[in-house]
Amino acid sequence: MRFLGSVLCLAAAVVAPLFPLKAQTTFASITGTVTDAGGAVIPGVAIEATHVRSNYRYTTQSNE
């Protein structure tokens with residue numbers, strides 16, 4: 001039984017690096033389309049996103 005556990009640990013150690021890991025980052029993006037009530041695209045709109053915990057506001061302007 002001890003031998004089987006060792007073999008499984010060794011197999012996990014060999015196979016684990018083959019799968020990419022995802023890490024968190026401090027960079028993010030918001031994508032989408034700004035439209036009016038009629039569905040027409042509106043370019044150049046001021047956009048503000050607020051981080052709820054810190055109340056930090058990120059501002060930008062939409063492109064065309």
Does Y56 offer a backbone N or O that forms a donor-acceptor pair with the side chain of S54 under 3.5 Å?
yes

Just by distance, do the side chain of Q61 and the backbone of V45 share a donor-acceptor pair under 3.5 Å?
no

Might you point out which heavy atoms bring E64 and V41 nearest each other, and give the distance in Å?
O-CG1, 4.5 Å

Apply the test side-chain contact (heavy atoms from CB on, under 4.5 Å) to residues I47 and V34: give CA-CA distance (whole Å), side-chain angles for both, the deciding distance (0.1 Å), then the verdict.
CA-CA 9 Å; I47 299 171; V34 181; 4.3 Å; yes

Side-chain contact test, heavy atoms from C-beta onward, threshold under 4.5 Å: evaluate it for Y58 versus E48 and give yes or no.
no

If you draw a 6.0 Å radius around CG in L8, do more than 12 non-hydrogen atoms from other residues or ligands fall strictly inside?
yes

